[in-house]
A.B. asks: 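Structure in structure tokens, see below.
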Amino acid sequence: MIDLRRLRDDADYRAGIERKRVGADLIDATLQLDDERRRILTEIEELRARQNTASKEIGRTPADARPEKIAAATALKQELAGKEPVLAELERRLRELALQIPNPADASVPDGGEDDAEVVRTVGETGPAPAFDHAALAEALGLVDMDRAAQASGSRFAYLQHEAVLLELALVQWVVSTLVAEGFVPVVPPVLVRESTMEEAGFFPTDRNQVYDVDGGELFLVGTSEIPLSALQRGEILDVAELPLRYAGVSTCFRREAGTYGKDTRGIFRVHQFDKVEMFSFVHPDRSWDELDAILAIEESLIQRLGFPYRVVDIAAGDLGAAAAKKYDVEVWLPSEGRYRELMSASNYLEYSARRLGTRVRTDAATRFVHTLNGTACAISRTLVFLFEHCQSSDGGLVVPEVLRPYCGLELVEPRG
RNA sequence: GGAGGGAUGCGAGAGCGGCCGAAUCGGAUGGUCUCGAAAACCAUUGUGGGGCAACCCACCGUGGGUUCAAAUCCCACUCCCUCCGCCA
């Protein structure tokens, strides 16, 4: 949720929103509704003040002198009854519009439209395409069965089998252990949440079409554990000493991937269901930029230990999504495609979702909204994709990355005879 | 699935339809006392909104309703607890 007061007073704030290519008409309509709302609110509050005074006076009046005063108060009541529905309707419409306005892009975010991300750094040497692409290798080794998954569930689903399962469990174990050492509290959250939780996390209404709903629309399957994690401190006013709160969510993620027909159809690069370890932080509002750097550093360290060549990009304003004020993507080189593809991201939401969640911190000066951040620690299926290409052995098998060996007890995945 | 009980401020816990934004205890913060500390005593201590100064409005699980007036009465919903049944 944006800050309406800043929207009308702070030109930079508005400019940051417009850099996300939001129509000026949406902002203007919102401000106009807000003006009307405040006008009526003032009228109503004045009426209420008069009514409160009148009622209190009735309480002090002897019974026989009351009827006349009650009649006068009834008139006030009726006047209010005419205006209150108008205010309620204005507030409803205002909220509907305000929810559609994205978090302003931070001033440091590069300009430009989509696909104009700025490369922050590149690490590692890119190599030539391997003998097999990830999908072919996974099928040959019996690690992924998408044909039968399509029979059972449709396109973009997969059965992970054999060593792929051991690799998944090893990745989760390794990454969670790493995060616990960094002060993250590991959490397996609910993956079904209410509409209000979706909205408070900043996903509804903007990303509604990406979400599966179940139980007749009562509950929604989360696309990331960020959603239930953000709800952990809903409505709370925290003490300064309690921050930062770092959580590592481990969950299955569900995404409709609407609007991606024909894109990334090979293998498990883009699927409707995958498991992911996600970092989520609640921090003091003065500390969120440091936290963003810290989350990014953890992500890079994980990739480096897997040995993948990658680059970090600073996502341009037009491609940021509703909630993020700034976002880095970590893209790994995918040899079969000869380009970098997204594996992780790290975002600073500032107070955007904290406003909706009502999560605040009591500081010496005032009670302020906390800042929330999130970052991918390990999206399993995509990590496997890169692993299938970068860790191929010359005989068509896999060499398990060093860091995972203690967790899966495997050094090699042999070609199946 | 059936039957009851409950939801109040940081925590515990009162609260006759008007004098309750809310008793009391505890916690926290500041002060007095002390060489220092403890104890004791005094004071302060919810959130949001409009003007943004005085002041005013709203909030006692959520949403409706009754009333001149509702934490207090009525209805619905959500959540928690206890008991019974069922499944693991």
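Below, read A as the first sequence line, B as the second, and so on, with proteins coming before strands; counting in each chain starts at 1.
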A.B. asks: Has Asn52(A) got a side-chain N or O lying under 4.0 Å from the OP1 or OP2 atom of C57(B)?
C.D. replies: yes

A.B. asks: Identify all side-chain donor-acceptor contacts of residues 164-190 of chain A below 3.5 Å with residues at least two apart in sequence or on another chain.
C.D. replies:
| residue | atom | partner | partner atom | Å |
| --- | --- | --- | --- | --- |
| Ser177(A) | OG | Gln173(A) | O | 2.5 |
| Thr178(A) | OG1 | Trp174(A) | O | 2.8 |

A.B. asks: Among Asp314(A), Asp293(A), Asp106(A), Asp319(A), exactly one meets salt bridge (Lys or Arg N to Asp or Glu O under 4.0 Å) together with Lys326(A). Which residue is that?
C.D. replies: Asp314(A)

A.B. asks: From the set U47(B), A69(B), G50(B), return the single nucleotide nearest to any side-chain atom of Thr42(A).
C.D. replies: G50(B)

A.B. asks: Between Ala71(A) and Ile237(A), name the one whose nearest nucleotide on RNA chain B is closer to the 5' end.
C.D. replies: Ile237(A)

A.B. asks: Measure the spacing between CD1 of Ile27(A) and CZ of Arg14(A) and express it to the nearest 0.5 Å.
C.D. replies: 4.5 Å

A.B. asks: Starting the side chain at C-beta, find the nucleotide from G48(B), C57(B), C68(B) nearest to Glu45(A).
C.D. replies: C57(B)

A.B. asks: Any idea which heavy atoms bring Thr224(A) and Cys253(A) closest together, and the distance?
C.D. replies: CA-SG, 3.8 Å

A.B. asks: Does the side chain of Arg360(A) get closer than 4.0 angstrom to OP1 or OP2 of G48(B) through an N or O atom?
C.D. replies: yes

A.B. asks: What does Leu41(A) touch in the nucleic acid at a heavy-atom separation under 4.0 angstrom: a base, only the sugar-phosphate, or nothing?
C.D. replies: sugar-phosphate

A.B. asks: Quantified in whole Å, what is the C1' atom distance between nucleotide G9(B) and nucleotide C25(B)?
C.D. replies: 14 Å

A.B. asks: What integer distance in Å separates Glu46(A):CD from G49(B):C1'?
C.D. replies: 17 Å

A.B. asks: Could you go step by step and tell me if Glu389(A) and Ser336(A) meet the side-chain hydrogen bond (donor to acceptor under 3.5 Å, both in side chains) rule?
C.D. replies: CA-CA 8 Å; Glu389(A) 297 212 356; Ser336(A) 64; 2.6 Å; yes

A.B. asks: Between the protein and nucleotides 76-81 of chain B, list every N/O to N/O distance that falls short of 3.5 Å.
C.D. replies:
| residue | atom | partner | partner atom | Å |
| --- | --- | --- | --- | --- |
| U78(B) | O3' | Arg194(A) | NH2 | 2.9 |
| C79(B) | OP1 | Arg194(A) | NH2 | 3.2 |

A.B. asks: Counting Watson-Crick and G-U wobble pairs with both distances under 3.5 Å, what is the dot-bracket string for RNA chain B, 5' to 3', using [ ] for crossing pairs and | for pairs to another strand?
C.D. replies: ((((((((.[[[..)..(.....]]]((((((.......))))))(((((....))))).[[[[[..)....]]]]])))))))....

A.B. asks: Yes or no on side-chain hydrogen bond (donor to acceptor under 3.5 Å, both in side chains) for Tyr247(A) and Glu226(A), after CA distance, side-chain angles and deciding distance?
C.D. replies: CA-CA 9 Å; Tyr247(A) 292 109; Glu226(A) 171 200 334; over 6 Å; no

A.B. asks: As a quick check of understanding, evaluate side-chain hydrogen bond (donor to acceptor under 3.5 Å, both in side chains) for Glu291(A) and Ser281(A), giving each step before the final call.
C.D. replies: CA-CA 8 Å; Glu291(A) 184 69 3; Ser281(A) 301; 2.6 Å; yes

A.B. asks: Nearest whole angstrom, please: distance from the C1' of A58(B) to the CD of Glu91(A).
C.D. replies: 10 Å

A.B. asks: It should be established whether Arg38(A) places a side-chain nitrogen or oxygen under 4.0 Å from OP1 or OP2 of nucleotide G51(B).
C.D. replies: yes

A.B. asks: Please give, in whole Å, the distance from G49(B) C1' to Glu43(A) CD?
C.D. replies: 17 Å

A.B. asks: Pick the C1' atom in G13(B) and in A71(B), then give their distance to the nearest Å.
C.D. replies: 15 Å

A.B. asks: Using modelled atom types only, decide if a donor and an acceptor are shared between the side chain of Arg234(A) and the backbone of Leu357(A) within a distance under 3.5 Å.
C.D. replies: no

A.B. asks: Of the nucleotides C68(B), G49(B), C57(B), which has the atom closest to the Arg48(A) side chain?
C.D. replies: C57(B)

A.B. asks: Touch check for Ala54(A), heavy atoms < 4.0 angstrom, all strands: base, sugar-phosphate only, or nothing?
C.D. replies: nothing

A.B. asks: Will you find, in the side chains of Ser353(A) and Thr372(A), an N or O donor that is under 3.5 Å from an N or O acceptor?
C.D. replies: yes

A.B. asks: Do the side-chain N and O atoms of Tyr212(A) and Gln273(A) include a donor-acceptor pair separated by under 3.5 angstrom?
C.D. replies: no

A.B. asks: What's the closest nucleotide to the side chain of Ser55(A) if the choices are A69(B), G49(B), U47(B)?
C.D. replies: A69(B)

A.B. asks: Taking the side chain of Ala49(A) as its heavy atoms from C-beta onward, which of C57(B), G51(B), G18(B) lies nearest to it?
C.D. replies: C57(B)

A.B. asks: Can a side chain N or O of Lys77(A) be found less than 4.0 Å away from OP1 or OP2 on A69(B)?
C.D. replies: yes

A.B. asks: Return the value, rounded to whole Å, for the distance between atom CG of Asp3(A) and atom P of G48(B).
C.D. replies: 12 Å

A.B. asks: Hey, does Leu76(A) reach any base, or is it just sugar-phosphate, or nothing, if we go heavy atoms under 4.0 Å?
C.D. replies: nothing

A.B. asks: Taking U34(B) as the reference, what is the distance to A39(B) when you measure between their C1' atoms (whole Å, please)?
C.D. replies: 11 Å

A.B. asks: At less than 4.0 Å, is any side-chain N or O atom of Arg5(A) found next to OP1 or OP2 of G49(B)? Yes or no.
C.D. replies: yes

A.B. asks: May I ask you to check whether Glu299(A) and Tyr328(A) show a side-chain donor-acceptor distance below 3.5 Å?
C.D. replies: no

A.B. asks: Looking for any heavy atom pair under 4.0 Å, which part of the strands does Arg39(A) touch: base, sugar-phosphate only, or nothing?
C.D. replies: nothing

A.B. asks: When rounded to the nearest Å, what value does the distance between P atoms of C20(B) and A28(B) take?
C.D. replies: 29 Å

A.B. asks: Is any side-chain nitrogen or oxygen of Gln51(A) closer than 4.0 Å to OP1 or OP2 of C68(B)?
C.D. replies: no

